[in-house]
Amino acid sequence: MKKILFVCLGNICRSPMAEAIFKDLVERENLSDKFVVDSAGTANYHKGRNPDPRTIQVCQENLVKIKHLGQQINVKDLSYYDYIIAMDLQNLSNIKKIAETKEQVNKIHLMRDFSEPHQNLIVPDPYYGNMEDFKEVFYILTKSCKALFDQVKEEVS
Ligand code: 4NP
C-alpha cells in the first residue's frame with residue numbers, strides 16, 4: 001500500500017487535478033486497493049469546496065473523473081502519507097515548514113521532479129489564467145503523474 005497526497009495552494013485547481021489523473025492511472029491498471037490518493041492545499045481558502053469549474057471541465061474533456069472537496073494540509077498528513085507532492089516551490093517550502101522530523105521532510109517532493117528531474121520545474125498556478133492555462137496544467141500533470149506512477153508501481157508490486 002502506498003499513500004500519496006498532492007498539494008497546491010488553494011486545493012481547487014492543480015492538486016485535485018493531479019489526484020484525479022493519478023487515480024485514473026491506478027484504476028486503469030486495477031491497482032486501487034494498493035493506493036490511497038488524496039489532495040490538499042497549504043491555504044484554507046477553499047475548505048469544503050468543489051474544484052474550480054475549469055478544473056472540472058478539463059478533466060471531463062479528457063474523460064478523467066474528478067470528485068474532491070477542498071481541505072488544508074495538516075501536520076498529521078506528513079506522518080500518514082508516504083509521498084507528499086508539491087506543485088511549486090512556494091508549496092514545497094510551506095510544507096517543509098510544518099514538517100517536524102527529518103523523515104517527514106524526506107517524504108516531500110516537487111511534482112515535476114518525477115518527469116523532469118533536477119530542474120526545479122513547477123506546475124504553474126492557472127487560477128488567474130484562462131482555459132488554455134488549465135489545458136497546459138493538465139498536460140504537465142499527466143506527464144508527471146505517469147512518471148510517478150511508473151516509479152511507485154514498482155514499490156507496490
Ligand atoms: P491551486 O490554485 O493552488 O492550483 O488550487 C489556486 C486556487 C485559488 C487561489 C490561488 C491558487 N486563491 O488565491 O484563491
Side-chain angles (χ1 to χ4, degrees), residues 2-26 35-59 62 64 66 68-153 155:
K2 285 287 165 192
K3 307 187 204 84
I4 299 171
L5 184 69
F6 296 102
V7 185
C8 61
L9 173 61
N11 193 216
I12 54 169
C13 301
R14 293 165 292 175
S15 64
M17 199 191 294
E19 175 193 339
I21 294 168
F22 194 84
K23 280 182 174 165
D24 185 65
L25 295 172
V26 167
F35 288 93
V36 172
V37 185
D38 205 347
S39 65
T42 57
N44 72 348
Y45 320 136
H46 303 284
K47 214 167 164 179
R49 301 246 183 92
N50 282 314
D52 186 284
R54 297 163 295 177
T55 302
I56 296 175
Q57 187 183 328
V58 77
C59 284
N62 288 280
V64 168
I66 178 159
H68 181 76
L69 295 177
Q71 55 183 353
Q72 187 176 22
I73 188 169
N74 180 288
V75 66
K76 289 193 201 114
D77 295 327
L78 301 183
S79 301
Y80 179 72
Y81 288 94
D82 301 300
Y83 287 86
I84 320 284
I85 305 181
M87 297 297 133
D88 64 30
L89 298 172
Q90 189 67 54
N91 309 147
L92 189 76
S93 143
N94 286 335
I95 306 165
K96 283 185 178 167
K97 273 186 215 153
I98 63 166
E100 291 173 334
T101 65
K102 197 159 183 252
E103 193 189 354
Q104 291 179 351
V105 172
N106 290 339
K107 294 176 174 181
I108 307 169
H109 306 269
L110 193 57
M111 182 78 200
R112 291 184 74 177
D113 276 357
F114 293 98
S115 48
E116 297 126 300
H118 312 301
Q119 298 173 56
N120 261 359
L121 295 177
I122 62 151
V123 182
D125 184 349
Y127 187 64
Y128 294 103
N130 57 29
M131 215 46 226
E132 283 309 305
D133 298 298
F134 279 77
K135 286 181 184 169
E136 170 73 9
V137 165
F138 188 94
Y139 174 79
I140 292 170
L141 288 175
T142 298
K143 194 168 165 183
S144 294
C145 279
K146 281 183 179 161
L148 171 66
F149 184 52
D150 285 345
Q151 178 180 323
V152 183
K153 206 163 49 169
E155 297 169 15

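Quick caveat: nothing in here was measured; it's all calculated off a predicted structure.
- A side chain to side chain contact (heavy atoms under 4.5 Å, CB included) with Met111 is found for exactly one of Ser15, Cys145, Cys8, namely Cys145.
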Checklist line | Verdict with supporting geometry, Val7 and Tyr81, side-chain contact (heavy atoms from CB on, under 4.5 Å) | finding: CA-CA 12 Å; Val7 185; Tyr81 288 94; over 6 Å; no
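- Looking at heavy atoms from C-beta onward, Met17 lies in side-chain contact with Val137 at the 4.5 angstrom threshold.
- For Asp133, the salt bridge (charged side-chain N to carboxylate O under 4.0 Å, His left out) criterion is met by no residue, not counting sequence neighbours.
- Under the side chain to side chain donor-acceptor pair (under 3.5 Å) criterion, Thr142 pairs with no residue, sequence neighbours left out.
- Asn62 CG to Gln57 CD: the interatomic distance, rounded to the nearest 0.5 Å, is 10.5 Å.
- With sequence neighbours left out, the side chain to side chain contact (heavy atoms under 4.5 Å, CB included) criterion links Ile66 to Pro16, Ala20, Pro51, Thr55, Ile56, Cys59.
- With sequence neighbours left out, the side chain to side chain donor-acceptor pair (under 3.5 Å) criterion links Glu136 to no other residue.
- Residues satisfying the side chain to side chain donor-acceptor pair (under 3.5 Å) test with Ser79, not counting sequence neighbours, are Gln104.
- Among residues at least two apart or in separate chains, ring-ring contact (aromatic ring centres under 6.0 Å, His included) pairs with a member in residues 110-130 are His109-Phe114.
- The side-chain hydrogen bond (donor to acceptor under 3.5 Å, both in side chains) contacts involving residues 83-94 comprise Arg14-Asp88, Tyr83-Glu155, Asp88-Asn91, Asn94-Lys97, where partners must be two or more places apart or lie in separate chains.
- Here the side chains of Ile4 and Asp82 are not in contact, with every heavy-atom distance at 4.5 Å or above.
- With rounding to the nearest 0.5 angstrom, the CZ atom of Phe35 is 12.0 Å from the NZ atom of Lys3.
- No side-chain heavy atom of Leu141 sits under 4.5 Å from any side-chain heavy atom of Phe22.
- Note: Ile98 CD1 to Gln72 CD = 8.0 Å, rounded to the nearest 0.5 Å.
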Can you give each donor-acceptor pair under 3.5 Å made by side-chain atoms of residues 38-48, sequence neighbours left out, with the distance rounded to 0.1 Å?
| from | atom 1 | to | atom 2 | distance (Å) |
| --- | --- | --- | --- | --- |
| Asp38 | OD1 | Gln71 | NE2 | 3.2 |
| Asp38 | OD2 | Gln71 | NE2 | 3.0 |
| Ser39 | OG | Asn11 | ND2 | 3.0 |
| Ser39 | OG | Glu19 | OE1 | 2.8 |
| Ser39 | OG | His68 | NE2 | 3.2 |
| His46 | ND1 | Arg49 | NH1 | 3.1 |

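- Ile73 places a side-chain heavy atom less than 4.5 Å from the side chain of Leu78.
- Residues Asn120 and Leu89 have side chains in contact (heavy-atom distance under 4.5 Å, counting atoms from C-beta outward).
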Next item on the list: In sequence, state the C-alpha distance, the side-chain angles, and the governing distance for Leu5 and Tyr80, and then conclude on side-chain contact (heavy atoms from CB on, under 4.5 Å).
Entry: CA-CA 10 Å; Leu5 184 69; Tyr80 179 72; over 6 Å; no
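- Considering only residues two or more places apart in sequence or on other chains, Gln151 meets the side chain to side chain donor-acceptor pair (under 3.5 Å) condition with none of them.
- Residues satisfying the salt bridge (charged side-chain N to carboxylate O under 4.0 Å, His left out) test with Asp24, not counting sequence neighbours, are Arg28.
- In this structure, the side chain to side chain contact (heavy atoms under 4.5 Å, CB included) partners of Lys153, at least two apart in sequence or on a different chain, are Glu29, Leu31, Phe149, Asp150.
- To the nearest 0.5 Å, atoms CD1 (Ile84) and CG (Asn106) are separated by 11.5 Å.
- Within the structure, salt bridge (charged side-chain N to carboxylate O under 4.0 Å, His left out) pairs that include any residue of residues 99-118 comprise Arg112-Glu116, Glu116-Lys143 (at least two apart or interchain).
- The line from CZ of Arg54 to CZ of Phe134 is 3.5 Å long, rounded to the nearest 0.5 Å.
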